[in-house]
Trainee: 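Questions regarding the structure given below will be posed in turn.
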Amino acid sequence: MSQQVQSHWAFKRTAETRRVEDALRQVFPNTDAYRYNSASIRVRVIDDRFKGKSIEERDAMVEPLLE
């Protein structure tokens with residue numbers, strides 16, 4: 001990630017986004033989350049286990065960790 005993107009994301013991190021990152025990084029170490037707006041947190045998970053899987057399959061791998 002470039003410095004510009006890192007500082008952009010760092011500015012949008014909150015206590016809630018750090019909790020999301022902490023939960024997901026237990027299984028997916030390469031995870032970033034940031035507050036998109038007051039009602040939305042955006043999450044990016046990069047992992048080779050997602051290769052060839054549909055969005056629904058990827059969601060099924062991640063969602064239990066957020067509950």
Side-chain angles (χ1 to χ4, degrees):
M1 191 178 325
S2 73
Q3 289 291 17
Q4 183 179 13
V5 173
Q6 272 186 330
S7 57
H8 175 73
W9 281 48
F11 178 76
K12 294 184 173 193
R13 285 197 167 107
T14 64
E16 293 88 1
T17 63
R18 284 187 281 280
R19 286 183 24 215
V20 169
E21 288 175 338
D22 290 344
L24 292 176
R25 285 180 178 161
Q26 294 176 25
V27 178
F28 301 105
N30 195 1
T31 298
D32 293 303
Y34 67 94
R35 173 75 54 192
Y36 182 68
N37 59 40
S38 63
S40 177
I41 293 175
R42 295 225 170 151
V43 179
R44 179 179 69 171
V45 179
I46 300 173
D47 195 283
D48 289 338
R49 291 173 280 183
F50 293 148
K51 188 173 184 170
K53 295 198 180 343
S54 68
I55 292 173
E56 291 80 15
E57 291 170 316
R58 294 173 190 199
D59 285 348
M61 294 170 67
V62 172
E63 284 181 11
L65 300 170
L66 296 175
E67 292 182 20

Trainee: Run the side chain to side chain contact (heavy atoms under 4.5 Å, CB included) check on Val43 and Thr31 step by step: do they pass?
Mentor: CA-CA 7 Å; Val43 179; Thr31 298; 4.1 Å; yes
Trainee: For residues 59-67, tabulate all N or O donor-acceptor pairs below 3.5 Å that involve a side-chain atom, not counting sequence neighbours.
Mentor:
none

Trainee: What do the steps show when you test Ile41 against Arg19 for side chain to side chain contact (heavy atoms under 4.5 Å, CB included), and what is the final call?
Mentor: CA-CA 11 Å; Ile41 293 175; Arg19 286 183 24 215; over 6 Å; no
Trainee: Considering only heavy atoms from C-beta outward, does the side chain of Lys12 approach that of Asn37 to under 4.5 Å?
Mentor: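 No, too far: nothing below the 4.5 Å cut-off.
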Trainee: Nearest 0.5 Å, what's the CD-CD distance between Gln26 and Glu21?
Mentor: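 Here the rounded value is 12.5 Å.
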Trainee: Inspect the surroundings of CD1 in Ile46 and state if more than 12 heavy atoms from other residues, nucleotides or ligands are less than 6.0 Å away.
Mentor: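 Yes, because the 6.0 Å sphere around CD1 of Ile46 holds more than 12 heavy atoms from other groups.
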Trainee: So, taking the atom named CG in Asp32 and the one named CG in Asn30, what distance separates them when rounded to the nearest 0.5 Å?
Mentor: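 The CG atom of Asp32 sits 6.5 Å away from the CG atom of Asn30.
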Trainee: Could you tell me whether a side-chain N or O of Arg35 sits under 3.5 Å from a main-chain N or O of Thr17, the two making a donor and an acceptor?
Mentor: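 No.
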Trainee: With rounding to the nearest 0.5 Å, note down the distance linking CZ in Arg42 to OH in Tyr36.
Mentor: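 Rounded to the nearest 0.5 Å, the CZ-OH separation comes to 4.5 Å.
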Trainee: Residues two or more places apart in sequence or in another chain: which of them pass side-chain hydrogen bond (donor to acceptor under 3.5 Å, both in side chains) with Glu56?
Mentor: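 Counting only residues at least two positions away or on another chain, Glu56 forms a side-chain hydrogen bond (donor to acceptor under 3.5 Å, both in side chains) with Ser54.
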